Amino acid sequence: MSGPARRVTILGVVVAVLTAVVASAQGGAANGAVSTTFAGTAGSVTRSTASQLSANAAVTGSGNGTQKDAFVTQPTGHHGGGSSSAASTAHSADAGVSTSTSSTLQNFAGLTGADQFNAYHRAFKFGFILEPPDQGLCTGILFGSSVVAETVNDVVGFYTPGGALITPVIDLNTFFGEPFAQNLSDPRCVFDAASDTWFFTSVVYPNSLFPNHTDLLVLNGASGAETVYAIDTTFSSDTAGQCPCFGDQPKLGIDANNIYVSTDEYNSPATIDETGAALIALSKSQLIAGSASVNVAEFRDLVLGGIGVVGLQPSITTGGSNVEYLLNSFPYLDEAQTHPNTSSTQLGLWALSNTGAVTSGGVPTLSETTLTSETYGAPVPALTTNGLSLATFSNDSRLQQLQYINGHLWAALDSSVTVDGDTATRDGAAWFEVTPSVDSHGQVSGALTDQGYVATAGKYILYPAIITTTGGTTGIAFSMTSPTLDPSTGYVIRTAGGTSFSGVQVTGAGSGPDIGFTCQPPVAGTAQQCRWGDYSWATLDPSGANLWMAAELTVHAQAEQPKSHPPAKINWGTEVWEVSGS
């Protein structure tokens with residue numbers, strides 16, 4: 001639905017780490033005026049472990065946190081279905097209700113908090129509950145068959161496209177070969193169709209946070225052979241970056257030459273201020289070969305306008321490209337992330353050119369420019385059915401994921417919005433289509449080709465993830481809630497050549513209110529909140545023709561910690577679905 005840009009309002013929001021207990025508006029051109037270049041260094045990482053994934057094993061039941069010794073209530077039925085409401089653009093009437101689900105090809109219940117507890121209880125006889133789940137979703141070929149992989153805090157599962165598990169649900173400590181004493185969080189994955197290889201990442205850290213690293217697991221789709229590489233994100237010698245640092249939320253990107261990991265770097269435990277992003281490029285060919293040592297290029301202390309870059313998203317590139325593009329938003333006014341940007345109209349566009357140099361021990365050229373975009377701002381509290389709100393402390397307007405396909409970048413973020421006919425400020429998705437380019441000197445420039453918003457009257461849309469097929473069909477996945485709608489999942493779709501998104505299609509209806517242990521009423525004047533997210537995900541099938549999506553909702557399965565008073569509980573789960581690209 002075309003229309004003018006929404007007015008954006010904002011309430012206070014503060015970033016929180018993972019907690020545990022033991023429609024379319026047309027955009028004009030927006031060119032970056034000046035490009036800045038950043039210096040990097042060459043280095044290497046060494047292989048830490050090698051193992052083997054077994055498929056077709058007996059499947060039995062099916063973060064970060066420390067709430068231990070819980071018991072689990074298994075689900076009483078499958079969630080799904082429900083009515084849908086239409087997406088609306090700013091200052092326009094609500095588009096009505098759509099009940100069609102003809103675009104949805106597959107739809108199944110994904111991993112749950114109960115799965116997470118059970119997996120750790122099986123492996124270590126020591127289960128625990130945590131929230132939120134985060135979301136890593138990728139699809140590819142494993143042992144000759146089409147497979148869907150889903151990884152959340154703190155487990156991974158491999159499914160047939162119809163939703164049948166082909167392996168047991170695996171705890172992430174076992175999957176990455178880490179001891180139980182280490183915490184793992186923020187998992188992501190991507191499948192490289194050109195080499196039939198899967199890549200999984202997770203941040204790894206002790207309770208003290210330091211030292212920490214990001215594990216990168218490389219899985220051979222034909223043989224099931226696994227190798228793991230530990231990427232240092234502590235940077236103990238980086239005094240310019242106020243390190244030793246904690247490398248939070250590793251973002252994952254890929255192109256023809258490299259795998260990319262970016263982290264938000266936080267300084268010492270005394271302050272935990274965000275001091276700038278780090279970007280590491282790793283030779284893809286050497287990772288695929290299982291080399292004992294893999295060449296990397298590192299860029300640290302990435303700061304714009306005196307503020308550390310947060311949420312720097314490397315692109316997941318579909319098709320061949322010798323340039324890796326990245327994008328960031330500007331959700332905060334200060335490094336400590338205590339002052340949200342009440343409204344912003346800027347995006348940071350980055351390019352890493354000559355990416356083939358990494359394999360030979362060289363360093364690509366990293367440049368950045370700033371684009372002018374539609375207005376976006378930090379989300380308002382998403383009021384939900386338990387009388388509280390979702391993700392009040394943890395949600396902000398950082399970019400959720402980034403795709404580069406057919407010469408265009410696609411990204412989306414959470415933003416407060418106003419919807420015509422709705423008297424309350426809501427949360428919706430602000431989305432962007434950018435056309436980037438790099439000159440012969442490696443300097444990046446770009447323009448906003450299209451941009452807009454997706455929102456619906458009376459509801460809050462959370463953690464949007466956008467993806468576009470090779471044929472040009474675009475979809476956005478998300479969670480959604482309201483005081484009368486239990487946390488659910490859904491998506492909107494825009495077919496190739498279309499100018500507006502569909503009505504919201506509900507793929508998973510929440511089973512009830514969120515009962516998670518972080519759902520606490522306001523204390524000493526602080527905002528109420530339930531931990532949620534921290535991100536949904538959308539990806540393509542290996543052919544690039546159809547869209548796969550996953551997001552968080554409430555489910556019947558519960559895990560409970562009876563030793564706490566009152567007993568701590570969780571009832572989060574995920575929904576996974578496939579959408580036709582035709």
Side-chain angles (χ1 to χ4, degrees), residues 29-44 231 238 240-241 251-263 265 276-287 294-330 346-373 399 402-411 432-449:
N31 294 304
V34 179
S35 178
T36 303
T37 302
F38 296 79
T41 58
S44 63
I231 306 166
D238 184 9
K251 275 72 67 179
L252 182 60
I254 187 173
D255 67 7
N257 297 311
N258 301 314
I259 294 295
Y260 302 91
V261 174
S262 73
T263 56
E265 293 293 317
L279 172 65
I280 302 102
L282 304 95
S283 168
K284 186 171 74 171
S285 61
Q286 293 173 349
L287 289 169
V294 171
N295 288 336
V296 306
E298 286 186 353
F299 300 84
R300 304 180 191 172
D301 311 326
L302 300 178
V303 175
L304 295 175
I307 299 175
V309 174
V310 61
L312 178 62
Q313 287 285 355
S315 60
I316 294 176
T317 300
T318 303
S321 175
N322 290 318
V323 177
E324 172 69 6
Y325 292 104
L326 306 94
L327 205 65
N328 73 276
S329 59
F330 295 89
Q346 291 186 319
L347 297 173
L349 172 63
W350 306 69
L352 200 62
S353 56
N354 188 28
T355 57
V358 175
T359 298
S360 59
V363 179
T365 299
L366 179 63
S367 63
E368 184 274 343
T369 190
T370 302
L371 306 180
T372 301
S373 72
L399 291 174
L402 181 65
Q403 179 195 26
Y404 181 60
I405 186 170
N406 298 333
H408 296 260
L409 291 165
W410 293 86
F432 311 91
E433 179 189 2
V434 178
T435 304
S437 61
V438 172
D439 66 18
S440 59
H441 301 289
Q443 302 303 299
V444 65
S445 61
L448 267 296
T449 307

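Numbers here simply count residues along the sequence, with the first being 1. Quantities reported herein were computed from a predicted structural model and do not represent experimental measurements.
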Are the side chain of [X] and the backbone of [Y] linked by a donor-acceptor contact shorter than 3.5 Å?
| X | Y | answer |
| --- | --- | --- |
| Q346 | T370 | no |
| T37 | S367 | no |
| T263 | E265 | no |
| N258 | Y260 | no |
| K251 | L312 | no |
| T355 | N322 | yes |

Hey, are the side chains of [X] and [Y] touching, using non-hydrogen atoms and a 4.5 Å cut-off?
| X | Y | answer |
| --- | --- | --- |
| L304 | F330 | yes |
| L302 | L366 | yes |
| E298 | I280 | yes |

If you compare all heavy atoms of [X] against all heavy atoms of [Y], which two are closest, and at what distance to 0.1 Å?
| X | Y | answer |
| --- | --- | --- |
| V444 | S35 | N-OG, 3.5 Å |
| V438 | A351 | CG2-CB, 3.5 Å |
| F299 | P364 | CZ-O, 3.5 Å |
| L326 | E324 | CD1-O, 3.7 Å |
| S283 | T359 | OG-OG1, 2.8 Å |
| P314 | G253 | CG-N, 3.6 Å |

_Between L279 and F38, is the side-chain contact (heavy atoms from CB on, under 4.5 Å) condition met? List the steps._
CA-CA 11 Å; L279 172 65; F38 296 79; over 6 Å; no

Nearest 0.5 Å, please: how far is [atom2] in [Y] from [atom1] in [X]?
| X | Y | atom1 | atom2 | answer |
| --- | --- | --- | --- | --- |
| W410 | T318 | CH2 | OG1 | 12.5 Å |
| L399 | N328 | CG | CG | 7.0 Å |
| Q403 | L327 | CD | CG | 13.0 Å |
| L287 | N295 | CG | CG | 10.0 Å |
| E368 | L352 | CD | CG | 13.5 Å |
| L252 | L402 | CG | CG | 12.0 Å |

*Distance-only donor-acceptor check, side chains E433 and T435, under 3.5 Å*: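 Judged by distance alone, the side chains do not pair up.
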
*asked:* Between Q313 and S262, is there a side-chain donor-acceptor contact under 3.5 Å, judged purely by atom types and distance?
replied: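 No, no side-chain donor-acceptor contact under 3.5 Å.
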
*Kindly indicate, with the supporting measurements, whether the criterion side-chain contact (heavy atoms from CB on, under 4.5 Å) is fulfilled by S445 and D439.*
CA-CA 8 Å; S445 61; D439 66 18; over 6 Å; no

*Give the intermediate values and the outcome of side-chain contact (heavy atoms from CB on, under 4.5 Å) for residues L371 and L448.*
CA-CA 8 Å; L371 306 180; L448 267 296; 3.7 Å; yes

*Using ring-ring contact (aromatic ring centres under 6.0 Å, His included) as the criterion, list what pairs up with Y325, not counting sequence neighbours.*
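ring-ring contact (aromatic ring centres under 6.0 Å, His included) list for Y325, sorted by chain: Y404.
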
